[in-house]
Asks: 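Mind having a look at this structure? Questions to follow.
Worth saying up front: this structure is predicted, and the values here are computed from it rather than measured.
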Amino acid sequence: MLYSLIANTILLIHLGYVLFVVFGGFLLLRWSWLWKIHLPAVIWGFLVQYFVWVCPLTNWENYFRSLSGEVGYADGFINYFLTILLYPNIHPTIHTYIGIFLLILNLGIYFYVVKKK
């Protein structure tokens with residue numbers, strides 16, 4: 001039970017991180033200092049998508065799932081819905097396009113924030 005809770009917590013943190021990478025640039029419109037946190041997160045997100053790396057959070061989550069005796073993501077809201085968002089079964093080329101889109105979106109927001117000042 002505890003290991004399953006830890007795995008689900010890691011999954012939620014992972015989702016939050018992904019959302020921050022994708023949409024966190026919009027937070028710069030309100031708090032421009034946030035670029036110091038967001039930019040490294042975007043770079044990591046881009047690298048993971050571009051090179052199709054496995055994020056360490058994925059390894060930790062899988063480790064705790066195995067300790068809890070779980071196999072895969074067959075049950076529960078968190079396991080079913082959030083796993084699909086974080087671990088889609090897509091072609092590596094699409095990973096590259098996602099990484100490029102992520103980079104362009106955030107560069108556009110960064111450009112707007114810098115130009116605004």
Side-chain angles (χ1 to χ4, degrees):
M1 173 76 176
L2 176 63
Y3 294 129
S4 182
L5 179 63
I6 293 171
N8 287 339
T9 301
I10 292 171
L11 181 64
L12 287 173
I13 290 168
H14 203 166
L15 176 64
Y17 183 83
V18 169
L19 291 174
F20 177 68
V21 167
V22 174
F23 300 110
F26 293 109
L27 297 174
L28 297 176
L29 300 173
R30 173 90 168 135
W31 301 289
S32 60
W33 59 267
L34 201 59
W35 75 269
K36 296 172 187 175
I37 300 168
H38 187 250
L39 185 59
V42 168
I43 291 169
W44 176 254
F46 173 79
L47 292 173
V48 167
Q49 289 298 317
Y50 186 82
F51 293 109
V52 193
W53 292 343
V54 176
C55 180
L57 290 173
T58 302
N59 292 331
W60 294 342
E61 180 192 346
N62 288 336
Y63 172 72
F64 285 107
R65 289 214 185 280
S66 69
L67 288 178
S68 71
E70 293 180 32
V71 178
Y73 303 102
D75 59 348
F77 174 83
I78 291 175
N79 292 341
Y80 182 74
F81 291 105
L82 299 185
T83 300
I84 292 169
L85 292 174
L86 289 177
Y87 313 117
N89 186 15
I90 56 178
H91 192 274
T93 303
I94 304 233
H95 277 275
T96 302
Y97 291 142
I98 290 170
I100 292 169
F101 171 75
L102 173 71
L103 187 63
I104 291 170
L105 173 69
N106 285 285
L107 284 175
I109 294 169
Y110 276 63
F111 178 75
Y112 174 79
V113 169
V114 169
K115 187 177 176 184
K116 185 178 167 184
K117 286 198 171 220

Asks: If you group Ile, Leu, Val, Met, Phe, Trp and Tyr by side-chain heavy-atom gaps below 4.5 Å, do Phe26 and Leu15 land in one group?
Replies: yes
Asks: Could you tell me the separation between the CZ atom of Phe23 and the CG atom of Leu27, rounded to the nearest 0.5 Å?
Replies: 11.0 Å
Asks: Count I, L, V, M, F, W, Y as connected when their side-chain heavy atoms are under 4.5 Å apart, and connections chain through other members. Are Phe111 and Ile43 then in the same cluster?
Replies: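 Cluster IDs for Phe111 and Ile43 differ.
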Asks: If you group Ile, Leu, Val, Met, Phe, Trp and Tyr by side-chain heavy-atom gaps below 4.5 Å, do Val114 and Leu107 land in one group?
Replies: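 Result: no, two separate clusters.
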Asks: Show the nearest heavy-atom pair for residues Glu61 and Ile10, with the distance to one decimal.
Replies: CB-CG2, 3.8 Å
Asks: As an exercise, state the distance from CD1 of Ile104 to OH of Tyr97, rounded to the nearest 0.5 Å.
Replies: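 One gets 11.5 Å once the value is rounded to the nearest 0.5 Å.
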Asks: Please round to the nearest 0.5 Å and tell me the distance separating atom NZ of Lys36 and atom CH2 of Trp31.
Replies: 16.0 Å
Asks: Enter the distance from Ile98:CD1 to Leu103:CG here, rounded to the nearest 0.5 Å.
Replies: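 So the CD1 of Ile98 and the CG of Leu103 are separated by 13.5 Å.
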Asks: Apply side chain to side chain contact (heavy atoms under 4.5 Å, CB included) to Arg65 and Asn8, showing your working.
Replies: CA-CA 9 Å; Arg65 289 214 185 280; Asn8 287 339; 2.8 Å; yes
Asks: Checking the side chain of Tyr110 only, and the main-chain atoms of Leu39 only, is there a donor and an acceptor separated by less than 3.5 Å?
Replies: yes
Asks: If Ile, Leu, Val, Met, Phe, Trp and Tyr residues are connected whenever their side-chain heavy atoms lie under 4.5 Å apart, and connections chain through other members, are Leu47 and Ile37 in the same group?
Replies: yes
Asks: Under the rule for side-chain hydrogen bond (donor to acceptor under 3.5 Å, both in side chains), what residues qualify as partners of Ser66, not counting sequence neighbours?
Replies: none
Asks: Would you say Tyr3 has more than 12 foreign heavy atoms packed within less than 6.0 Å of its OH?
Replies: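 No, the 6.0 Å shell around OH holds no more than 12 heavy atoms from other groups.
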Asks: Compare every heavy atom of Asn106 with every heavy atom of Val21, then report the nearest pair and how far apart it is.
Replies: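 Result for this residue pair: O-ND2, 3.4 Å.
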Asks: Locate the shortest heavy-atom distance separating Leu57 from His14; write the atom from each residue and the value.
Replies: CB-ND1, 3.7 Å
Asks: Check step by step if side chain to side chain contact (heavy atoms under 4.5 Å, CB included) holds for Leu5 and Met1.
Replies: CA-CA 6 Å; Leu5 179 63; Met1 173 76 176; 5.8 Å; no
Asks: Can Leu28 and Tyr112 be said to form a side chain to side chain contact (heavy atoms under 4.5 Å, CB included), step by step?
Replies: CA-CA 10 Å; Leu28 297 176; Tyr112 174 79; over 6 Å; no
Asks: Do you know which two heavy atoms are closest between Ser68 and Ser4, and how far apart they sit?
Replies: CB-N, 3.6 Å
Asks: To the nearest 0.5 angstrom, please state how far the CG atom of Leu11 sits from the CZ atom of Phe64.
Replies: 14.0 Å
Asks: Going through the checks in order, is the side chain to side chain contact (heavy atoms under 4.5 Å, CB included) test met by Phe20 and Leu34?
Replies: CA-CA 11 Å; Phe20 177 68; Leu34 201 59; 4.1 Å; yes
